[in-house]
Each structure stands twice: as C-alpha cells, then as structure tokens.
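In this text, all values refer to a predicted model and were calculated from it rather than measured experimentally.
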Amino acid sequence: EEVQGSKLGNKRVRIVRENNPAFQHITRGVLEATPATEQPDGGALAHVGYGIKWALIGHPIPSTQDAQERLTKFKALAVLSSDAISSVAYATEAILVNLIAAGSQHLSVAFPISLVIIALMAIVGISYRQTIPAYPNGGGSYIVASSNLGMWPGLVAAAALLIDYVLNVAVSVAAGVHNLVALFSGLSHYVVLIDILLVIFITVVNLRGIRESGTFFAIPTHFFIVTAFIMIIVGVIKAFVVGHQPLIGHFAYAQELEPLSFFLILRAFATGCSAMTGVEAISNGVPAFKKPEARNAKITLTWMMGILMALFFGITVLTMTFHVAPNSSGSPTLIALVAQQVFTGPLVFMYPVFLIATLGILTLSAETSYSDFPRLASLLARDRFLPSQFALRGERLAFSVGIVCLALLAILLLVVFGGDTNKLINLFAIGVFISFTLSQCGMVMHWWRLRGQNRHWSYSMAINGVGALTTALVALIVSTTKFVEGAWIVLLMIPLLVFLFHGIHSHYRHFEAAKTTDIPANPQKIRHRLIVPISHLDRAAIQSIAYARSISPEVTAVHVSLNDEESQQIQDSWNTWQHEHLSEEEATHLLIIESPYRALLNPLLAYIDTLQKRHPGDTITVILPEFVVAHWWEYFLHNQVALRLKARLFFRPGIVVANVPQHLMDRPLKKKALYG
C-alpha cells in the first residue's frame with residue numbers, strides 16, 4: 001500500500017502481509033496450504049461441529065510429520081501383538097469346551113493339544129522372521145502371495161485376512177465384555193450395547209492416529225502381560241512348590257455326551273488354534289515401525305512369539321493342575337476361574353485386578369485389526385481392487401475410511417450373533433490359516449527364484465516350506481471340523497470377496513480405458529455451441545446469456561412454454577432486449593419449445609439430443625442459471641428443475657454443464673425463475 005509522507009509529494013510503499021495467510025510460497029508455481037485453510041469458514045454451527053471433531057480425533061497432522069507418527073518397539077508390541085497375546089485368555093477354554101463333550105475324564109487331552117499348538121506357533125514365528133527382511137516394506141500375505149503366486153492367490157489371501165480382521169474385532173470385544181460380566185453380573189442384559197460402545201470408543205481412538213492409539217493401548221497390553229505372568233508364577237509356586245499338586249488334576253464330573261474320537265480331538269485342536277490369530281500382524285505392519293523398520297519389526301516379532309508361547313503354556317498348565325473345567329454358560333470364563341483359584345488369601349485383591357487387565361487386553365486386542373485392516377485395504381485400493389477412498393489418509397495420517405468400515409462390519413457381526421463369543425469363535429482362525437499358507441507358499445517361491453543370488457536359499461526355503469505344509473494342514477482341519485458350525489460362512493465369503501475385488505478392478509480398468517470425451521485436446525479446434533434454458537428474461541437469465549456470449553456467439557436461449565400467453569410474453573421481452581443489447585452479427589437467438597403435455601425436462605433434453613446429432617463436431621455446453629437460497633429449508637419451496645436437469649445431463653456423454661449461481665443471501669426473490 002502507498003503511504004503519504006509528511007511533506008507534499010512524499011510517498012512510500014510498504015508490503016502488508018496477512019496475519020494468517022492461506023498459502024505460503026514454496027517455489028515458482030508451487031504453493032503450500034497453511035493451517036488457516038483447515039479453519040471452519042461457516043457460521044457458529046460449523047465452528048461447533050469442527051470443535052467436536054477436533055476434540056474427538058485431534059487437529060490435522062501435516063504429512064511431514066509421518067516419521068514422528070511411527071511406532072517404537074514398545075508401542076508396536078502393544079498395537080500389533082495385542083490380538084495374538086489376548087488369545088491366550090480364551091484359547092485354552094476353546095479346547096476344553098470341545099473336549100468336555102467326551103466327559104471330564106478326557107479333559108487332560110488338552111495338554112498335549114496345547115503342546116502341538118505351541119510347536120505350531122514356533123514354526124509360524126520362525127517363518128515370518130524370514131518374511132520381514134525379504135519384504136521390508138510390509139510382507140503381508142497379500143503382498144507375498146501376489147508377488148510370487150499371482151493375482152488370484154493374492155486376492156484369496158487378502159479376502160481371508162480382511163474377514164479374519166473383522167472377526168477379531170468382534171471376538172475380542174465380545175470376550176472382553178463377557179469377562180466384564182463375570183465381574184459385574186448385573187450387566188449381562190446389556191452385552192450387545194456395551195459391545196457396540198466399546199467398538200465406537202476404539203474407533204475414535206484409532207482415528208486420532210497410529211502414534212496416539214499406540215500410546216493409549218500400550219498400557220492395557222503390558223499391564224495384562226505383567227499380571228498374567230504374576231498369576232502364572234504365583235500359581236506354579238502354589239501348585240508345585242507349596243501344594244505338590246500333580247500336573248493333571250482330577251476334574252469335576254461331567255457327563256459324557258459323545259466318545260473321544262479323533263474327529264473330536266481335531267475339532268478341539270482347530271478351535272485352540274485361535275491362539276494363532278494375529279501372528280502375521282507384525283509382518284504386515286513393518287512400515288509402521290521407526291527406522292530401521294525391518295530390524296525393529298523382527299525384534300518385536302521375537303518378543304511377541306516368546307510372550308505368546310509362555311503365557312499360553314502357563315495358563316494351560318494352571319488349568320490342568322487346578323483342574324478347572326469350563327463353565328457351561330460361558331460365564332465366568334475359564335481364565336477367571338483359574339485366577340480365582342490362584343489369587344486367594346493375601347493376594348485376593350489381585351483377582352479383580354487381573355479380570356480388569358483381561359478385559360482391557362481382550363477389548364483392546366482389536367487394535368491389531370484396526371492397524372492392519374486399513375493398511376491392507378489401502379494396498380488393495382492402490383492396486384485398484386477396492387474403492388480408491390481406502391487409499392487416502394485422513395487428517396491424522398490414518399486410513400480413516402478403512403477404520404470406519406472395519407467398525408461398521410464388526411458392529412454388524414456383534415448384533416447378528418448377539419455378542420456370543422462361542423458362536424463367533426467358530427468362524428475364527430479359518431481365514432488366518434488360509435492366509436498363512438498362501439504367504440508361506442509365496443515365500444517358498446521367493447527363495448526358489450533367489451537360489452542363484454542367496455547362498456542360504458535352501459535353508460530359508462526349507463523353513464518356509466515346513467511352515468506352508470503345517471499351516472495348510474491346520475487350515476484343512478479347521479475348515480473341515482468347523483464347517484457345519486459356521487466355517488461354511490467364511491469359506492463362502494472368501495470367493496465372494498475375491499470376485500468383488502475382481503469386479504472393482506475391472507471397473508477401474510474400463511474407467512481408465514474409456515475416460516475420454518469428444519472434446520478436442522487442441523483448444524483451437526473446439527467449436528462451441530451454447531444452450532441457456534430460461535424461464536423468464538430476468539436478471540439471472542440475462543447474466544447467464546452474457547456469460548455464454550463471452551465464450552461463443554453461437555448461443556441459443558431455450559424456453560419451454562406451457563401456454564401461449566407465456567410464449568408471447570417472453571418473445572416480446574426478448575425482442576426488446578435483443579434490439580437494445582445484441583449486434584446484428586451475433587448468432588444469439590431465442591428458441592421457444594411448446595410443451596402441450598406440460599413437461600419441462602423431456603422436451604429440453606430431446607432438443608439437446610437433436611442438436612448433438614445435427615452438429616456432431618461441436619462441443620455443446622448447457623449454461624444453467626440457478627438460484628442459491630440463504631437457508632436450507634428454502635430449497636423445499638422451489639421445484640429444483642436445475643438440479644434434476646443436471647442429473648439427467650450427467651449421463652449424456654459429450655455434454656458440458658456449467659452453473660451460473662445467483663446467491664440470494666437474505667434478499668427477497670423478486671422474480672420467479674424456472675431453474676431456481
């Protein structure tokens with residue numbers, strides 16, 4: 001601005017900068033949006049809405065802070081291992097629930113079954129330690145299978161994992177609430193409602209970003225690990241040092257409903273394999289770690305497998321020695337009954353503490369799914385197998401669409417199955433073992449291709465080969481033994497999801513090939529022909545015609561007449577206006593279409609189609625005068641013909657539609673416009 005000096009003729013120029021500019025200059029032709037662009041620009045209601053949003057999920061985080069949002073090993077153990085570690089709270093019970101059908105005398109079979117599962121954990125853990133350095137950018141089953149086995153196996157692995165992630169949220173939350181009911185029995189009538197509220201709570205925390213959710217969920221996960229080890233240590237001392245109890249105690253009598261068969265043992269084993277869910281999460285989430293990502297992920301995976309095997313073995317030993325049988329009603333849970341046996345006397349205060357810790361880990365173990373489901377969905381969206389919205393990061397650098405989608409699907413499952421853990425767990429673990437198998441098979445192919453470059457290829461391939469054979473066998477057992485009990489739903493959903501992925505991919509391929517128009521790429525070759533629908537020759541119509549005339553002299557104002565008097569009136573108005581404002585060389589004219597059936601849109605659309613056929617080389621643009629009222633409720637007082645016309649023209653290729661909005665604000669509408 002110019003500032004007048006103290007003497008006559010003195011002037012000086014100074015630059016006045018905005019206090020909160022919307023953009024800052026980076027380099028020639030490049031601007032960067034500042035936080036000012038994220039401020040609400042509406043009225044008081046908009047400010048309130050933004051205030052609630054920011055209070056729930058926080059203020060937007062710039063992309064430059066992505067590295068600061070990554071996880072340390074301590075936080076990653078909580079976020080990415082909570083699913084696997086939490087499964088020890090119900091895996092032993094899942095085995096016993098099946099074995100008890102053969103009577104209490106056969107419950108001891110759970111111990112050798114648990115040893116087999118622990119051996120399986122070790123095999124899978126070692127196999128995934130191979131995957132992390134081979135795929136340091138995230139070696140999930142989808143990436144590994146797609147890279148080495150092809151598109152279809154990759155999609156099968158992705159579908160199986162997505163289903164398993166949704167089931168994990170539902171099972172974890174349901175199991176956590178059942179432990180809460182064991183502590184507060186009066187809540188038993190509100191199980192589903194509490195389930196839904198917990199899912200919403202976890203969703204909101206995850207929308208705040210991976211670092212904040214990791215900080216929040218680290219405490220409950222590590223608290224459970226500490227209290228569970230305390231229970232195991234105290235229980236072992238109490239049983240074997242003080243009480244000299246046998247490893248396998250004498251269980252209370254339970255009626256034999258069916259003989260102990262090989263099929264029953266396989267069914268118990270398959271259900272107990274739910275302890276394996278979530279093992280692949282660290283391999284999937286390598287990019288979420290702080291640098292060096294692969295090394296930190298490998299260390300965290302080792303920690304997780306060690307903790308998982310130790311807790312599962314310890315809880316199974318305590319269950320056997322204290323001869324704790326599962327409750328037929330499912331409440332209190334088996335782990336609550338074990339804690340009740342261990343924490344007696346001076347340590348009785350630890351019983352409710354442990355139950356609260358179990359509730360925390362079970363409920364928040366869904367965090368593994370919240371971390372990996374959106375990431376996997378973003379990879380599928382990147383490869384055009386899911387809608388592109390899943391690939392976009394939200395304001396807090398989280399994949400918000402995937403997080404919300406996961407929450408809605410989990411809530412649907414909880415409502416449909418009434419929050420019953422036993423019903424949900426029958427669908428569990430199938431998808432994860434299918435993805436395990438495909439991932440390990442992919443790694444076998446990976447090492448085979450590197451046989452000339454890596455001298456340890458045969459050793460690595462042998463490890464992943466054993467993992468592939470083992471997990472394939474378990475996947476077959478789980479699918480067979482649980483088929484009637486609900487596994488058929490998962491086995492049906494996987495191919496349906498795969499074909500859905502393929503359908504979405506086909507759409508995007510067609511979209512890329514067909515997203516062309518008839519408009520020439522060279523602006524000199526574009527021949528404009530403009531149409532301006534009008535109801536009256538009012539100010540809005542005149543402004544729209546003026547805008548059209550600025551583009552091309554080939555302008556046709558079209559009026560759809562419903563009666564002769566209206567036609568004559570607009571014709572007279574046009575003649576007067578034309579005489580005053582249009583030159584003789586301009587090709588702007590009025591066309592009146594009489595509509596004996598009182599239709600507005602169909603005659604106008606028919607004229608546009610006819611014009612397009614008669615002038616195939618021209619670019620037809622429809623200019624729509626449109627009123628914008630000040631209040632939302634005022635839209636109901638207008639016929640919204642412009643909106644309906646835009647919707648109809650949207651599906652006509654080669655037609656350009658432009659709006660000339662007339663903002664009324666609080667001014668009264670003096671003349672009625674047809675397209676207002």
Side-chain angles (χ1 to χ4, degrees), residues 38 40 46 49-61 63 66 69 71 79-80 82-83 140 142 158-159 161-174 176-177 192-217 278 281 284-285 287-288 363-417 419 424 431 493 496-497 500-501 504:
E38 297 297 325
Y50 271 83
I52 295 173
K53 175 184 174 183
W54 289 338
L56 289 175
I57 67 172
H59 289 269
I61 299 174
S63 302
D66 182 53
E69 290 298 304
L71 299 172
V79 173
L80 300 176
S82 56
D83 177 14
Y142 167 64
L161 271 180
L162 289 178
I163 292 171
D164 192 70
Y165 288 145
V166 176
L167 284 168
N168 173 53
V169 175
V171 170
S172 300
V173 171
V177 171
V192 176
L193 177 61
I194 298 172
D195 288 340
I196 294 172
L197 292 176
L198 280 174
V199 171
I200 293 172
F201 172 73
I202 298 170
T203 302
V204 170
V205 174
N206 275 275
L207 288 173
R208 294 186 66 88
I210 187 170
R211 183 174 60 86
E212 283 205 27
S213 60
T215 303
F216 182 84
F217 293 127
N284 291 353
T363 304
L364 303 183
S365 67
E367 177 60 18
T368 300
S369 292
Y370 276 95
S371 175
D372 279 0
F373 180 98
R375 191 178 301 277
L376 176 56
S378 72
L379 293 174
L380 287 166
R382 181 200 65 187
D383 296 337
R384 298 302 185 95
F385 290 111
L386 276 180
S388 55
Q389 294 92 325
F390 284 91
L392 300 176
R393 289 196 172 195
E395 293 182 349
R396 301 285 294 181
L397 296 178
F399 295 107
S400 305
V401 175
I403 291 172
V404 173
C405 180
L406 173 62
L408 293 175
L409 292 173
I411 288 173
L412 178 64
L413 271 181
L414 288 166
V415 172
V416 170
F417 288 91
L424 288 166
M493 284 299 299
L496 289 178
L497 268 181
L500 174 64
F501 296 155
I504 293 171

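A heavy-atom distance below 4.5 Å is found between the side chains of Tyr370 and Val199. Side-chain contact between Leu408 and Leu412 is absent, with no heavy atoms from C-beta onward closer than 4.5 Å. Side-chain contact between Leu409 and Val169: absent, with no pair of heavy atoms (C-beta onward) separated by less than 4.5 Å. When side chains are defined from C-beta on, Val416 does not count as touching Leu413, because their heavy atoms never get closer than 4.5 Å.
The CD1 atom of Ile403 lies 11.5 Å from the CZ atom of Phe390; values are rounded to the nearest 0.5 Å. Atom OH of Tyr142 is separated from atom CZ of Phe385 by 5.0 Å, given to the nearest 0.5 angstrom. Note that CG of Leu386 and CG of Leu497 are 8.5 Å apart. Values are rounded to the nearest 0.5 Å. Distance check, rounded to the nearest 0.5 Å: CG of Leu197 to CD1 of Ile202 gives 11.0 Å.
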Less than 3.5 Å apart, which donor and acceptor atoms pair up between the side chains of residues 371-380 and the rest of the protein, not counting sequence neighbours?
unit_1, atom_1, unit_2, atom_2, d
Asp372, OD2, Tyr165, OH, 3.4
Ser378, OG, Arg375, O, 2.6

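In terms of heavy-atom proximity, Ala174 sits nearest to Leu414 at CB-CD2, 4.1 Å. Of all heavy-atom pairs spanning Ile163 and Met493, the tightest one is CD1-CB, 3.6 Å. Closest of all the heavy-atom pairs between Asn168 and Ser369 is ND2-OG, 2.7 Å. Closest approach of Asp195 to Val177, counting heavy atoms only: OD1-CG2, 2.9 Å. Here the shortest heavy-atom pairing between Pro387 and Ala381 reads O-CB, 3.3 Å.
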